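Remember, it's a predicted structure, so these values are computed and weren't measured experimentally.
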Amino acid sequence: ILVRTPQGQVYSSSVYTVTGAPTITSFTPASGPVGTVVTVTGSNFTGATQVYVGNGMATAFTVVSDTELKVTVPALASTGAILVRTPQGQVYSSSVYTVDMPKITLSASQLTFTSEPNKSVTQQYVVEAKNLEDNKVALSVSGAGEYTISASETGTFAKSLVLTDNISNKTLAPTSIWVKYSPTTANSALDGSIAHSSLRANTESLTLQAVPKPLPVELVSFSAGNHSDAIMLNWVTASEKDNDYFDIEVAHNLKTGFEKVGTVKSKVINSSVTTKYTYKHYTEGGGTRYYRLKQVDLDGTSTYSKIVAINIAAVHAEEITIAPNPLNYNSKVYISAINASKGKLRLTSVKGSLVYSKEVQVRAGQNEIQLPVYDKLQSGLYILTVELEDKLHQIKVIKQ
């Protein structure tokens, strides 16, 4: 109670309760979209004339009893307190009802197409939504005329689309949308977008972009050279556009054709600077080998390099070495073999104690075998024995 005089005013320390005015004790649920039925409990609801949810006045509510009423969240509802008004007064709830607004979600924010005249390209993305108030999602394409959409990969493509079929309980289940790009002119960069809208939902946009078809990889050089135990291939690119990888192919003669022997991934994918690559190919026997590169783009298209030839001298005598020696972590056994066969390696101390042994498959030509014993050895002198085609070869090994 407030009393005001020319000299001031004062509030009573206790509260006066107006008999018959409504009160709100609670409501449930505490949140939901438009159309949700909320049960409000309290007192003195008989004769209620108006109910608000936030700023929205309800057009549908039912007074179940003097202590309970049910209200349908109206279309213009906003997050806020619930208001109940009767001829005896009005009351706001002490807690807030949260209106779950319509929300549209896309699986991608941008689609990028490669532009080639008179070649249509189709890509797919997914749209879903919840809390829809008008049970539909409208799609509209803007920008370049080359873009069209459809809800079916084999259906009719157009500039606009309304989704209604896949909606239940105000929810649009994940729905695939196909976007077709059909350029009719020379390569050019073209932009567009797809707007996704629904009543009171934030409009979600998907950006569309077309880029000219990338130029092939610019190969500066490609060469092959003899390495101690293999053929070393080297190549250099001056630029790369959407380069995925290189396949290495070899032929023993050009009549029988090429076969793939390895793959090297692009180091840069897109670059305008010099990039160097190497690949070591182990091969058996002597004679001429022919090599070529198959360059493959991200979209699967490919081009071939020139063919390079190299002569491989046949091994006429067995030779076995170990390097580096004295040992370090990278020491290897190098075997030049006339024929392919199985071999045995044994590393012993000068007193004859076996330290390491291994059976290996040796191919004709050059071989290298890792010697993983550096950490296991004490400093001193050891003997490496290699048994190859019933012959024994012995090498002194030093661990410092």
Side-chain angles (χ1 to χ4, degrees), residues 1-6 8-105 127-140 162-173 195-204:
I1 294 176
L2 167 67
V3 176
R4 183 175 293 146
T5 73
Q9 65 181 32
V10 64
Y11 283 95
S12 62
S13 59
S14 57
V15 174
Y16 178 85
T17 300
V18 178
T19 302
T23 65
I24 295 177
T25 304
S26 64
F27 59 82
T28 185
S31 64
V34 168
T36 300
V37 177
V38 180
T39 300
V40 184
T41 59
S43 62
N44 302 320
F45 291 155
T46 301
T49 57
Q50 290 179 333
V51 179
Y52 281 77
V53 179
N55 294 326
M57 185 175 71
T59 57
F61 68 89
T62 302
V63 177
V64 179
S65 68
D66 197 48
T67 59
E68 179 183 328
L69 65 79
K70 295 182 181 294
V71 58
T72 301
V73 178
L76 297 179
S78 61
T79 296
I82 293 178
L83 166 68
V84 176
R85 182 173 290 154
T86 73
Q88 285 71 40
Q90 63 181 35
V91 63
Y92 286 93
S93 62
S94 59
S95 56
V96 169
Y97 180 85
T98 301
V99 178
D100 294 333
M101 299 298 291
K103 182 175 178 58
I104 300 170
T105 303
V127 57
E128 53 187 312
K130 60 182 181 179
N131 304 323
L132 296 173
E133 296 182 6
D134 55 355
N135 285 321
K136 65 181 180 181
V137 176
L139 284 65
S140 178
V162 178
L163 302 177
T164 57
D165 293 341
N166 210 15
I167 295 175
S168 177
N169 296 324
K170 300 183 179 296
T171 298
L172 172 67
H196 306 72
S197 60
S198 187
L199 180 64
R200 291 217 298 169
N202 290 332
T203 300
E204 296 294 328

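Of the inter-residue distances, the one linking I82 atom CD1 with S93 atom OG reads 5.0 Å to the nearest 0.5 angstrom. Atom CD in E68 sits 11.5 Å away from atom OG1 in T25 (nearest 0.5 Å). In this structure, OG1 on T105 lies 7.0 Å from NZ on K130, to the nearest 0.5 angstrom. Distance check, rounded to the nearest 0.5 Å: OG1 of T79 to CG of N55 gives 10.0 Å. Atom CG of residue L83 and atom CD of residue Q90 lie 5.0 Å apart, to the nearest 0.5 angstrom.
Closest approach of G20 to Q88, counting heavy atoms only: O-CB, 3.2 Å. Smallest separation of non-hydrogen atoms from L172 and I167: CD1-CG1, 3.7 Å. Closest non-hydrogen pair, R85 versus Y52, comes out as NH1-CE1, 4.3 Å. Among all heavy-atom pairs drawn from L132 and S198, the shortest one is CD2-OG, 3.5 Å. The nearest pair of heavy atoms linking A58 to V71 is CB-CG2, 3.4 Å. Residue Y92 comes nearest to I24 through the heavy atom pair C-CD1, 4.2 Å, listed as atom of the first residue, atom of the second, then distance.
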Listed pairs under 3.5 Å, donor-acceptor, residues 33-45 side chains, sequence neighbours left out:
unit_1, atom_1, unit_2, atom_2, d
T36, OG1, P33, O, 2.7
T39, OG1, K70, NZ, 2.9
T41, OG1, S26, O, 3.3
T41, OG1, S26, OG, 2.8
S43, OG, T23, OG1, 2.4
N44, ND2, A21, O, 2.7

Sequence neighbours left out, cut at 3.5 Å: what donor-acceptor pairs do the side chains of residues 94-104 make with other protein atoms?
unit_1, atom_1, unit_2, atom_2, d
Y97, OH, G32, N, 3.1
Y97, OH, G32, O, 3.4
D100, OD2, G32, N, 3.4

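The main-chain N or O of G54 is never found under 3.5 Å from a side-chain atom of S78 such that the two would form a donor-acceptor pair.
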